[in-house]
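In what follows, chains are A, B, ... by sequence order, proteins preceding strands, each numbered from 1. Quick caveat, the model's predicted, so the values are computed rather than measured.
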Amino acid sequence: MRSVVVVVVGGVRLGLLPRCSTTSQYSRHIHTSRASVWASKSYFRRPTSVYGTVGVCGSNIKVVGSLESAGGSFVSMAPITTDNINPGEVVDKSIAQNKVMIFSKSSCPFCLKIKDLFKSLNVEYVALELDQINNGAEIQNALLEKSGQRTVPNVYINGEHIGGADKTISLHTQGELLPLINKSSHSYDYDMVVIGGGSGGLAASKESANLGMKVAVCDFVTPTPKGTTWGLGGTCVNVGCIPKKLMHQSAILGGELKDSREYGWDTPETVTHDWGRMVEAIQNHIGSLNWGYRVALREKKVDYLNAYATFTDPHTIKTVDRRGKEKIITSDKFLVATGGRPRYPDIPGAKDHTITSDDIFSLPHAPGKTLLVGASYISLECAGFLAGLGYDTTVMVRSILLRGFDQQIAEKIGTYMEQHGVKFIRGAVPTNIEKIEEGTPGKLRVTAKTTDGEEVVGEYNTVVVAIGRDPCTSGIGLENAGVDLAKNGKVVVEKGEQSSVPHIYAIGDVMEGGLELTPVAIQAGRLLARRLYRKDSLQTDYVNVPTTVFTPLEYGCCGLSEEAAIDKYGEDDIEVYHSSYQPLEFTVAHRPENDCYAKLVCVKSENEKVVGFHILGPNAGEITQGFSIGLKLGATKADFDNLIGIHPTAAEIFTTLNITKRSGKDVSAQGC
Amino acid sequence: MFTRTITQAAAVRSRGGSIITRGLGTTRGRTAAFHVQDNDDFQDRVLNSDTPVVVDFHAQWCGPCKLLGPRLETIIGGKGEKVHLAKVDIDNVSDLALDYGVSAVPSVLAVKDGKVVDKFVGLQEESRIEAFVNRLIGE
Ligand SMILES: Cc1cc2nc3c(=O)[nH]c(=O)nc-3n(C[C@H](O)[C@H](O)[C@H](O)COP(=O)(O)OP(=O)(O)OC[C@H]3O[C@@H](n4cnc5c(N)ncnc54)[C@H](O)[C@@H]3O)c2cc1C
């Protein structure tokens, strides 16, 4: 085994077949199995079958001597002799064949420091320990001649002389070391072009640039049918999470103003809300975020192209800016992070007269009496804040609320909203929308059909459709690049967000099998960049991702819904612990006792491991974020019971859940 | 119209073309203030200017900018031809703003003979603006 390693590696490395002895020592630092594949491709240039993973190789040659430790992630080059070779040739070949070459001495603390630096950066290097070979001194002389430097460490990157420890470290502190290492070996314009400057795309581009890559981001917002457009940052910042949460907050404040009277404030019975002022304040904040992204891209030296990108071939895109100016750009790798846009129903008047979440957050006039079509979280969230702001609000739903979420809680959300002014039309879909009055807002007549075939007609000032979102994957030439799409239009990916074309990746809302959430897109983008350009192995974990629906009573969850848990483990193996609760703040305010609800879904056969966490109540997002780490770490019901609560909070309810759903016992909160 | 910004719908993120700001021409220094259209315009009217120029990088979404703008106009208007005021909407002439390291607005530069000689960031009291301008014109 050892001889195989010795001969081939040594031979390929320096062309020194097959003189082997135990007198020389090369060490190679490699990290992950993924990295080792990469290493074997770019450096060893030998059939991987001989060695399997490089890590295995390392363990085989450990006997040689000063192999560095760290759990098999380092590989020492096989012992070869440099005895009979011209020292100058050893130096030249070592430099030419290794991206990062360190002439070192095993006893030298500065050498150790430099090797540790590269290890900490996950950068593969080859070190030749001059004190462990016979002709070390000659090689050192040859080095002096070549580089003007006699001391070790003597570092070369991509064939270029860097210098000793101080120089290498100072390059690193200036952020210039990785760019030197990651210099491209292709002739494309960019190492990475990201299509879509949203949550995922921006994260990936900034991280790739951090790691020394030449990166461009194309971001272009196609105006809505109403003409709304926005700045850099994608859906979340402009027409999603951010304005949504701020409008939710505006509505929450209205509720708290009412409560405030109970708490001694002389708040007037009727307070008014100015839609325009709210929108302006929120849009101003968004404007500053847009600018922040521009500044960040500039700081990271990412090229920003405010243009629409289309693939023309697997390595080329055409971009068109708003003035119609075209540009052709090539890149080694691409990331498709184009997100999604709201879907319109295919009925007369839809595109002409309705708006979507893309328009509502910048609507210049108050919406008036509003109909929301759809039972998505987006529809319910918008209905929630509109009702909270005082608008006459109706939601039209075809079947169930919040498909995919825990249905018991979805129904509780519906009930609460209904009790707080939102009207629901269940089992109906719109069939026609016509304008009956101009104005801001005007008036629309909506005709709908119920599942029983009945016709329902209603008049509204504004109709918001929120029936789903389609991925932005059509018309961008993915077929020209050969990228496979799923039926729903999303990009099919392998593990690692890699599409059917190996150098094209997809993350965020366009990725098939992903989760349409901003932090998920960001994580995927960041980790992808690190895997590509820092040889990390960490994959995005799409399991136990916490999320929150910002309806008037927020709903936070992590893990499985009760239905999904039963599906997966069987009803007998699932124990559900639950309770209604009343936040302390509700008491003085005389809010209802049993609106808020908490439940844990546990697997009996796995020591009551908690596989589903659910909470319906104020600040559910804040509560869920913290608890979700427990689920990720495999917390059991006993762990929750052992946890001591923070009193008085709402979250402490999870430390005292003792009624199982199976028992059928009453879980109403006990008021005074 | 469903443009995103309520009050300055037309100005925000629009083509970098001309923008009319009301009130600008009503102060004494009518000719002293102008809007920078693009990099060439900046080169021409700011960097190549014989007269010192105060450059006000501002944005439509920036509340403090709306308070600072009129203060600058009044103070600079009062200096006659000794100093000009150049206004740069960072969303229209973004690259210029980025080139000058504008990460927050309002950002105000004092430019003399093509060089930035002074700067401040954020809303300032009138007296401090006055002193800033006086330093620039050597009063
Ligand atoms: C109303 C609403 C509320 C939401 N609330 C939340 C929430 O509370 N929490 C949460 O985590 N998530 C929320 N989301 C989801 C979140 O916004 C998305 O998951 C996230 O933005 C996805 O990021 P992305 O990078 O995949 O794409 P996006 O952020 O959508 O960015 C894609 C960008 O690419 C651009 N683009 C598309 N095609 C091209 C092209 N060919 N050339 C150039 N540019 C192109 C688009 O214009 C866009 O700017 C919400 C979404 C909506 C609609």
What distance separates [X] [atom1] from [Y] [atom2], expressed to the nearest 0.5 Å?
X      : Y     : atom1 : atom2 : result
A:E280 : B:W61 : CD    : CH2   : 13.5 Å
A:L297 : B:L98 : CG    : CG    : 9.0 Å
A:W291 : B:D91 : CH2   : CG    : 6.5 Å

So what's closer than 4.5 Å to chain B heavy atoms on A:R298: side chain, backbone, both or neither? side chain
Shortest non-hydrogen contact between B:Q60 and A:N284, atoms and distance: O-OD1, 4.1 Å
Just checking heavy atoms, which of residues 101-109 of chain B are less than 4.5 Å from chain A? B:V102, B:S103
If contact means a heavy atom pair closer than 4.5 Å, which residues of residues 115-139 of chain B contact chain A? none
Please indicate whether A:K301 has more than 12 foreign heavy atoms, meaning atoms of other residues, nucleotides or ligands, lying under 6.0 Å from its NZ. no
In this structure, are over 12 heavy atoms from other groups packed under 6.0 Å from A:K369 atom NZ? yes
Using side chain to side chain donor-acceptor pair (under 3.5 Å) as the criterion, list what pairs up with A:H353, not counting sequence neighbours. none
For B:D56, check salt bridge (Lys or Arg N to Asp or Glu O under 4.0 Å) against everything at least two apart and list the hits. B:K87
Assert top hit (heavy-atom pairs under 4.5 Å, partner chain B, pool A:A296, A:G292, A:S288) equals A:S288
